[in-house]
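Here is the structure we will look at.
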Amino acid sequence: MRSTLFYVVLLLLLVQCAEKEPIANSTADYFDLIRAEFKGETAYETTAFVEQFWRVVGNDGFNKSIYTIETKLKEAGYVLESNAAPANRLIYRIEKRALKNPTWEPVDGKLSILGQETPLLEFASNRNMIYLNSPSTPKEGVQAEVVFLENPEAIDVLDVKGKIVFAEFGARSIYRKSMAKGALGLMTYNNPSYLQPEKNTTSIQFRAFPYAKDATFWGIALSYAAKEKLKEALSKGSVTAAVQLHTKSYISEELTIIAEVKGSALPEQRLVFSAHVQEPGANDNATGVGTQLEMAQITAQLLQTGKIDAKRSLTFLWGDEIISTRRYIQEDSLRASQIKWGISLDMVGENTALTGGSFLIEKMPDPSAIWTRGKDKHSEWGGDVMSLEDMKPHYLNDFIIQNLKNQGEYARWEVNTNPFEGGSDHTPFLDANIPGLLLWHFTDQFYHTDNDRLDKVSKATMVNVGTGALASALTLINADSESALNILELLEEQASTRLKTEFDLSLAAVSNGNMVANEMKILEAWTDWYKKSFATIKDMEVLPTAVLDDAILKAEGKLESEVQQFYIKLQN
């Protein structure tokens, strides 16, 4: 009887083992697993929840966003770090810090021209109309003459005491002088051309005053339509405006939420995803918040079901743009030394048929940020010309680009790149010499405006970005000898393609009169960038040094041979 029972139990164990899905160990495996799970429901629902609030650090909407992330992390199996047992691999924490200044939020507002029945602006339809940090008007509102400034210098000669200043340029140059001269408040219009203001006539790009204790000087940002109506009224004579603003300012705290998937073999090494919560839009950046949350959920599910491992740690951070990411890096030098990769998710859910532009991968600084030519082009955000000393050679650029392009081919989704420009959560990583890049969209005709709402969001885009980003991350945190050599092979192919492209551009430039020496300098820069990128594969620490060194030497030799042939052809 015992013998029979033994064999029955053994047979059951063998069947269970046979039925258990193998642990994924390649980028293709991760794509297959993630595509089956990433439906975009959490990403979209979270975006819808977060975007309803006008979010600035510490205010009610920001904090509610943090706590809804916490709720969904707990549902996915993440355990509060202070309650976690050593065996818990899914943990999270909420970091709380006192704010130096009170937080702020808008409540209501209305701007009218006295004598006109229809208001110029109302908060219900233009929630960016009130300058961040603007105080309220008296409860009954104010009525005052509007004084138009044709240029910033006009503030020096015009009488604005007890009046409202109106300008078609930014507030920075006249803000303090207007207050000092006794103006009640300021109305400005300065939407950039990429917002297509004459088409999107109701859009207002949010503006801010610096925090000032006991301030009474308020600010209103105007839409194109409101600005035009105000100018038309002024062309007919004196204008009196009626203004009612209700805002709140109160003591609060700064919250950052961090979820960790602890590595099984090299837990101190990690990849960090960062998505900022503040900014009052839907695409910017409620979509980053929601997409990253679904990525964290799927990672937990795949780990708990044994479909993946995480040899290194994977971190998901939600907080204040740049500030929270920089603090995560700077406050713990030992932790920072083991951050292998950083990726920013910012504006990752756009319906480009409505917003314009395309999905972009903003590369780490490479020579395209010095010589921007061919298919390389900056976004309308723009970037400064960099120098060779600013370059950050690393395999992360081409690895992420290739994976997102693979997802693009799979989903028939457009993927492009832009040279480094800065301005989001990838910059703290780069400032700390940690490989980091940005996943985003631009140009966006609703960028930073109150028309960046849920109707401009695409669930499919969030699925595509999240799938490509997470498949890339799982490959990196589980990198072994085979994946390291695969990345080196990919890098060799991309280096060869880039050099051929740059050679063709240089050949055309020389035929148009450019100096050969200048064109050779460009080819030299790209050769150097890729050779140094080959060497960065050593940071995976997965191969015997001799094996990896040999593979890198062969890749360098092949690249040198190719570029030497290009030099000869350029000089002939």
Side-chain angles (χ1 to χ4, degrees), residues 21 23-44 46-47 69 72-73 76-78 89-90 92 258-263 269-275 285 287-318 339-346 348-349 359 361 396 399-411 413 415 425-426 435-440 458-479 483 487:
E21 294 187 47
I23 292 177
N25 59 12
S26 72
T27 306
D29 291 339
Y30 298 128
F31 266 119
D32 288 341
L33 289 172
I34 295 165
R35 284 169 180 159
E37 300 297 335
F38 213 127
K39 305 303 182 184
E41 298 300 332
T42 292
Y44 191 82
T46 305
T47 297
I69 294 167
K72 294 186 178 184
L73 287 173
Y78 290 83
R89 296 184 62 190
L90 302 172
Y92 79 91
I258 301 168
E260 304 269 14
V261 180
K262 292 197 294 186
Q269 297 183 15
R270 70 185 66 242
L271 184 149
V272 179
F273 282 112
S274 182
N285 185 38
T287 57
V289 172
T291 301
Q292 184 167 284
L293 182 56
E294 188 156 346
M295 290 163 61
Q297 286 181 329
I298 290 170
T299 303
Q301 178 185 343
L302 294 176
L303 187 72
Q304 290 167 326
T305 56
K307 295 178 181 178
I308 65 166
D309 189 14
K311 295 178 182 177
R312 298 168 182 81
S313 295
L314 183 58
T315 300
F316 301 95
L317 182 153
W318 294 265
I339 299 174
K340 294 291 187 179
W341 315 273
I343 298 175
S344 170
L345 299 172
D346 189 354
V348 295
F359 171 72
I361 302 165
L396 187 64
F399 177 69
I400 297 294
I401 291 168
Q402 187 59 52
N403 285 338
L404 269 296
K405 284 187 176 293
N406 286 346
Q407 179 63 16
E409 292 176 7
Y410 172 84
W413 166 60
V415 174
D425 281 294
H426 57 317
L437 44 71
L438 168 66
L439 307 182
W440 72 314
S458 164
K459 182 192 294 186
T461 301
M462 290 190 285
V463 168
N464 285 327
V465 175
T467 298
L470 187 54
S472 300
L474 294 180
T475 303
L476 292 172
I477 65 171
N478 288 307
S483 52
I487 291 173

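Annotation for N285 and L345: closest pair ND2-O, 3.1 Å, computed over non-hydrogen atoms. Contact record, L303 with A310: CD1-N, 4.1 Å, taken as the closest heavy-atom pair. For the residue pair T299 and M295, the shortest heavy atom distance occurs at OG1-O, 2.8 Å. Taking both residues in full, the closest heavy atoms of E260 and Y78 are given as O-CE2, 3.8 Å, listed atom of the first, atom of the second, then distance. Across G263 and S313, no two heavy atoms sit closer than the pair N-OG, 2.9 Å.
Inter-residue side-chain proximity for F399 and N403 is flagged as met; some heavy-atom pair is nearer than 4.5 Å. Put simply, the side chain of L474 does not reach to within 4.5 Å of the side chain of V261, judged on heavy atoms. By the 4.5 Å heavy-atom criterion applied to side chains, L476 and I487 are counted as neighbours. Using a 4.5 Å heavy-atom cutoff, the side chains of T315 and I258 are in contact. You'll find the side chain of W318 reaches within 4.5 Å of the side chain of V289, heavy atoms only. Looking at N25 and I23, their side chains never come closer than 4.5 Å, going by heavy atoms from C-beta outward. Between V272 and I343, every side-chain heavy-atom pair lies at or beyond the 4.5 Å cut-off. Using a 4.5 Å heavy-atom cutoff, the side chains of I69 and Y92 are not in contact.
When atom types are taken as modelled, the side chain of R312 and the backbone of I477 share a donor-acceptor pair closer than 3.5 angstrom.
Remark: A471 engages Y30, F31, I34 in a side chain to side chain contact (heavy atoms under 4.5 Å, CB included) (not counting sequence neighbours). Evaluation of the side chain to side chain contact (heavy atoms under 4.5 Å, CB included) rule for A411 yields Q407, W413, N464 as partners, not counting sequence neighbours. Residues that satisfy the salt bridge (Lys or Arg N to Asp or Glu O under 4.0 Å) test with K459, not counting sequence neighbours, are E41. Residues satisfying the side-chain hydrogen bond (donor to acceptor under 3.5 Å, both in side chains) criterion with T47, sequence neighbours excluded, are absent altogether. With sequence neighbours excluded, the residues that form a side chain to side chain contact (heavy atoms under 4.5 Å, CB included) with K340 are Q269, D539, E541. In this structure, E294 has no salt bridge (Lys or Arg N to Asp or Glu O under 4.0 Å) partners at least two apart in sequence or on a different chain.
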task: For side-chain contact (heavy atoms from CB on, under 4.5 Å), just list the numbers for L470 and L314, CA-CA rounded to whole Å, side-chain angles, deciding distance to a tenth of an Å, and then say yes or no.
output: CA-CA 10 Å; L470 187 54; L314 183 58; 4.3 Å; yes
field: Worked check of side-chain contact (heavy atoms from CB on, under 4.5 Å) between V415 and I361
entry: CA-CA 8 Å; V415 174; I361 302 165; 4.0 Å; yes
message: Before you tell me yes or no, could you show the steps for L439 and F359 under side-chain contact (heavy atoms from CB on, under 4.5 Å), namely the whole-Å CA-CA distance, both residues' side-chain angles and the distance that decides it to 0.1 Å?
response: CA-CA 8 Å; L439 307 182; F359 171 72; 4.0 Å; yes
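When only modelled atom types and interatomic distance are considered, T475 and S483 share no side-chain donor-acceptor pair under 3.5 Å. The closest side-chain donor-acceptor pair between K72 and T46 falls under 3.5 angstrom.
Between D32 and K307 there is no salt bridge, since no side-chain N of the basic residue sits under 4.0 Å from a carboxylate O of the acidic one.
Separation of atoms CG (D425) and CG (L317) is listed at 7.5 Å; rounding is to 0.5 Å.
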